[in-house]
Amino acid sequence: MNPLLVVLFLPLATAVFNRLFGARLGKGAAAGLACASVLVAFAFAADSVLGLAALPAASRQVLVHVYDLLDLASFRVGFDLLLDPLSGMMILVVTGIGFLIHLYAVGYMHEEDAGEYARFFAYVNFFVFSMLTLVLAANFLVIFTGWELVGVSSYLLIGFYRGKTSAADAGKKAFIVNRVGDFGFLMAIFLIWNAFGSLDFSAVLPHAAALSPGMATAVGLLLFMGAAGKSAQGPLHVWLPDAMEGPTPVSALIHAATMVTAGVFLVARCHAIFELSPLALGVVAWTGALTAFLAATVAMVQVDIKRVWAYSTVSQLGYMVLGVGVGAYTAGLFHLLTHAFFKALLFLAAGSVMHALHGELDMRRMGGLWRKMPLTCATMIVGAACLAGVPLTSGFFSKDEILLMALRGPHADFGLWLLGYLGAACTAFYSGRLIFSVFFGKPRDHHAYEHAHESPWVMGLPLVLLAVGSLAVGLLGLPGFLTHWQPFTDWLAPVFADLKAVPEASASRALVLGLMALYTGTVAVLGWIAWRLYTGEAAAHPADGEATSALHRLLWNKYFFDEAYGFVFVRALLGYSRWLWRWVDQGLVDGTVNGVAAAAQAAGDFLRGRVHNGRTRQYAAYLAAGACLLLGLALIYHR
Amino acid sequence: MFGVGFFLALAFALFAVGAFGVLTRRDPLVMFMCIEMMFNSGNLALVALSRYLGLASGHALVFFVVAVAAAEVAVGLGIIIAIFRTEKDVNVDHLSELKG
Amino acid sequence: MHTALDSLNAAMSAHPLLVQALAAVAKTVFMMTVVMLIGGLILSWVERKQSAIMQDRIGANRAAILGVRAWGLFHNLADAAKGILKEDFIPPDANPFLHTLAPFLAVSTAVVAFAVLPFGGTVHLWGQSVDLTIAPLPIGILFVWAMMGMGVYGVVLAGYVSNNKFSLLGCLRATAQVISYEVATGLTVLGALLFYRSLDFRDMVAWQMGHNLGQVPFLGHLPDLGAVLAHIPAWGVFLQPLGFVLFFTATIVEMTRIPFDLPEGESEIIGYNIEYSGMKFMIFMMSEFVESLLFAWVIVLVFFGGWSLPGLHLGDGVAVLFGHALPYASGVALEAAAMALKIVFFLWFQMLVRWSLPRFRYDQIMHLGWKIMLPLALANLAVTGVLGVLAR
Amino acid sequence: MGLREVLLAVFAFGALAFALAVVSTRNTVYAALEFVAHLLCLAALYCLLDAPLLGVLQVMVYAGAIMVLFLFAVMMLDIQETGRESAFQGPGQVAGALLLAALLFALLVFGADRFPAAALAPAAAPGAPGVGADNVVRVARALFERGALVFEAVGVLLLTAVVAVMVMAKRRLEN
């Protein structure tokens, strides 16, 4: 049996088993089973990837046919899995970080009762299965299936706390907003099928050049619509901050490390189509850049630490999208990889803080926590440093690469770079702001401070591992002028072999170094500003609803996206629905149906009294008369 | 003198008599017999026509009619007896519960 | 004398239609005589005597004419006289016509059934071949069944027109019993009919005479037995032992004789004929004896080779018994004797059953009929059919 | 006019007369008996029309089984009271029914007037029912070869009817 099948179906099997029997097994067994299945999946995934690496670079593609989904004469779709460097990287991320988060969740979810506990692990395992289906897909149908399964499991996990209305609403919001993107994705799939007659990547992507430019643009834009939904690109980003209603490990796993990167993955997977359409790529790049900047500005004023990281995630996803949009796929994916580590770390550390403070998430009530929870503090500082792009951290290298490509890449534009740069500055500010507000300065809520405590080892261990990973993973993609050892670029090279050579040479070493110095300086300055603003007793946190300026109000209300949607879509839809209900459904449809029924009943009442009177012999007389009539007609017409 | 037309006419006459019985009698059992009589008039016509046209399939058809009639009688009588047990009366003019 | 015979021969040969007409009359007269004599007189005497012997009594021996007792044979005459002389009572509310019709319906349907029963093969008289059957119908056995079905009406009428609750109940019991077992009677014979491939009694007998067990599929292929079996005639009883046992049982129920005599139950149970007296009552009794003869006859025809005698072959004007030529007439006589003996044997056997077994309960009869005999008969038929298809 | 014609006339007249008797007799039992007689007349007609198998079947199944069931039902129900009521309702109804029946008869006769009144063609066609010993075989061929499916269907129908009646009767017993 192919190890990929184990990777894929073991989490599914444990999910089903846990959902059915986990509550009876008890917490330990359910959690152990779930963690073990993901660990085994990781081991098998690593084995598969090593096996892949052993192949010559040009032929690093393994196709696994599981079974035929659809086998018509002219159209065949199989449940096919494709292992190539891209999906290999993704399955390692999904199972590896997934395992750490599972481990963390063992401690984090400890207070739930056994049934909920098992349900949680079942859903998380199911998510892992869905995500693996998505990344391992070898055709558009399977990837769409994984796409939808991911949406379902995300919905289940966001709304995991069933008692909370806000959680249920957030789940619905995530699902509905994602549907908008999915619609585009589905349309794109239909167009692809129409154009190629097949949904297999191998039949579509290498021959993408056969598409007319208009069609390529249409497919690219529709695909990106799906990607924007999943990867929370503006204006479809609104679901992601609300998705923080789910348990923190879920936020870390799904809404930071894995699921939201699906859009980036999709664009990278379908780069052959995007490359055909400068317009589509431009839309991708600009959307990414704008999202990166705007989300970063929003993150600067939020006081809920998970919400800050949520907007930060949106922003960082914007960087990845910007990366793939300017044609720097490797850079975008490298940022995906580093971000998976440090954002998972940040979320888990935020969860650790939240755990310590019994659910408190408002940074205005924290402060000085580093004494109470040094490990969390240290790891979170590492994560924040990566996020902010402190030199020599992984985030520094990956973001630097993207920004460089925005300035000098194949589809570069100064505006893109500027937005990216401003966003990076904001990122440095809000990262510092959060770290300093939470861990430094004086405790602002002494009651909470007194009860704060470090998290258990089962939560601490993943933090440490992720922190180490966050730092180390940067080594895989050091800038080209430092070293010729480029494992990440080399690894992905076969996937992007069809692209023109990345013109890194066009950027002089002086420019690169200059940019690096610029970033470093920016980070230092903004970090210092944040330190000054947020470590004092009266930190610069305005109280709720107390806007200091119009700009602050705009940012505090997240550019009024939700309100705009509420007005444009929800209110309008409600009004339209109400109209449909009142006039079309109740008036026209019901009126017709009831009218027909009433007419039938009236006729029936009449006939029942006169004709259907229960006298059998009278019925017989009707029969005989009818027979006479028919006979007479037959005699008249048959002659 | 006894050609196929004679037998057809006889069959039609029996059919009419049966129809008349169904229309006028109130005893469900007699109505039932009259219905059977109409069946039989059909059978007679089939036999006569088989003889006239030289076809054995008419006989097979009669066989089927007889079998179906047997099934019909079994169920019909069961129903009549069931009705009688609850109503103590089988005058069809008094039975109109199912008129709706 | 000689010349008279010759002229008779000449006259007969000249008028074939006359031969046929005379033969028809003769057949009918013969059959009616046999039926009336056996069914009406001898069987009731036999029953008395046999029951007496089996129960260690002396039995009927008092009736005498001029001191001659003739083993009680005259009791039948005494019975007849008594029946005729007794008051013919018709209940006040009864319909006199139907009340009278009932017993005659019962006996006449049984008697009419004899019309299709052959009492011998085909004989050649004056150049004419004459079937020794009153009405050689191709659907003979169906006719017997049809008449059996009609016989129920006698019982139904008797029970209904008597205007007596007990007779009505008795008639309901009788009717239910008889029509229930009509199913079994029909199904048990079908297995044998699968071999004969005919509904005509003459064909059945001819088939049994023309085949031996060695020619039967499966049986004949047995390596050592085949040769032995070739000497045994392929009588229905050998081909369908289960069918025979079931059929024999069903016929006893059909006759409503002990041990299945619930409908009238002479000694204890009040039956459908309670309001009958005198000759009409005797006619009901007689109908039972006639049926008894009828079924014995049918059994012999279907299961025991009819008039066939193993080793005897009647050819065209010659008879051969185990390779020895016999005069044709003696061959015919031998066949007639074989037939008569077989029938007598079964009449005796029916009596034997009658005086040996205790009466069944009503639910037991129904249980036996619907839950034992019907499934067995169906299974027998199915197995026979499947084997027949396999042997093809 | 030979014996056959005489018999045909007698049985045809008997069939019609007994049919009229069934319709006009008040007592249900007598009506049933008259119906049996009617059926026997029809059976005789079948035999005279060279359909002896059907004739015997008619006696066996219709007269011997179905009508016995009828009599059974009549006796179990004991419908003396209704039987003594007037068999027909009002003169208007009777007249209407008569009119309808007559109309039906007239239409049917008009519709069938292409068939000769006086001739019965000899059974000569290859699929003819045949006379004598052949009859059973020919009918069996028609029944089991072309009509095999219908035959099975009828068997299923009968079985269903039997089960249905059993269920109906059983439920009554439990009550």
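Treat the numbers as computed from the prediction; the structure is a model and nothing was measured. So that the names make sense, note that chain A is the first sequence line, chain B the second, and so on, each numbered from 1.
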Report the C-alpha separation of Phe20(B) and Leu100(D) in whole Å, then their side-chain angles, then the decisive distance to 0.1 Å, and conclude whether the side-chain contact (heavy atoms from CB on, under 4.5 Å) test is met.
CA-CA 8 Å; Phe20(B) 176 76; Leu100(D) 266 178; over 6 Å; no

Please determine, among [options], the option with the most heavy-atom pairs under 4.5 Å with chain D.
options	value
Gly21(B), Ala16(B), Gly78(B)	Ala16(B)
Ala19(B), Ala70(B), Gly76(B), Gly18(B)	Ala70(B)
Ala13(B), Cys34(B), Ala67(B)	Ala13(B)
Val73(B), Leu61(B), Val22(B)	Val73(B)
Val47(B), Asn43(B), Asn40(B)	Asn40(B)

Residue Glu72(B) versus chain D: region with a heavy atom under 4.5 Å:
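It is neither, since no heavy atom gets under 4.5 Å.
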
Heavy-atom distances under 4.5 Å only: say whether Ala45(B) touches chain D with side chain, backbone, both or neither.
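Contact with chain D: none, neither part.
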
Go through the atoms of [X] and report whether side chain, backbone, both or neither lie under 4.5 Å from a heavy atom of chain B.
X	value
Val22(D)	both
Phe72(D)	neither
Leu54(D)	side chain
Leu143(D)	both
Leu20(D)	both
Leu98(D)	both
Leu69(D)	both
Leu103(D)	neither

Can you establish whether the number of heavy atoms outside Phe144(D) located under 6.0 Å from its atom CZ is more than 12?
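More than 12 heavy atoms, drawn from other residues, nucleotides or ligands, come within 6.0 Å of this atom.
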
Interatomic distance, [X] atom [atom1] to [Y] atom [atom2] [nearest 0.5 angstrom]:
X	Y	atom1	atom2	value
Thr25(D)	Met33(B)	OG1	CE	9.5 Å
Phe63(B)	Leu53(D)	CZ	CG	8.0 Å
Leu46(B)	Tyr46(D)	CG	OH	8.5 Å
Glu145(D)	Ser57(B)	CD	OG	12.5 Å

Nearest atoms (heavy-atom pairs only) where [X] meets [Y]:
X	Y	result
His59(B)	Asp50(D)	CE1-O, 4.0 Å
Leu14(B)	Ala15(D)	CD2-O, 3.9 Å
Ala73(D)	Leu29(B)	CB-CD2, 4.2 Å
Val75(B)	Ala161(D)	CG2-CB, 3.7 Å
Leu44(B)	Leu49(D)	CD1-CD1, 4.3 Å
Val165(D)	Ala74(B)	CG2-O, 3.4 Å

Residue, of Val162(D), Thr160(D), Leu157(D), Leu159(D), that accumulates the most heavy atom pairs under 4.5 Å with chain B
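Most heavy-atom pairs under 4.5 Å with chain B: Leu157(D).
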
I'd like to know which of Ala65(D), Ala164(D), Ala32(D) tops the heavy-atom pair count under 4.5 Å against chain B.
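Top count of heavy-atom pairs under 4.5 Å with chain B: Ala32(D).
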
Side-chain touch Phe6(B)/Leu8(D), heavy atoms, less than 4.5 angstrom:
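Counting from C-beta outward, Phe6(B) and Leu8(D) never come under 4.5 Å.
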
Indicate the ring-plane relationship of Phe32(B) and Phe70(D), choosing parallel, tilted or perpendicular according to the 30° and 60° boundaries.
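Judged by the thresholds at 30° and 60°, the geometry between Phe32(B) and Phe70(D) is perpendicular.
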
Arg51(B) side chain vs Ala51(D) backbone, donor-acceptor pair below 3.5 Å:
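Absent.
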
Given the rule in the side-chain contact (heavy atoms from CB on, under 4.5 Å) test, do Val62(B) and Leu57(D) qualify, once you have shown the distances and angles that lead to the verdict?
CA-CA 10 Å; Val62(B) 173; Leu57(D) 274 181; over 6 Å; no

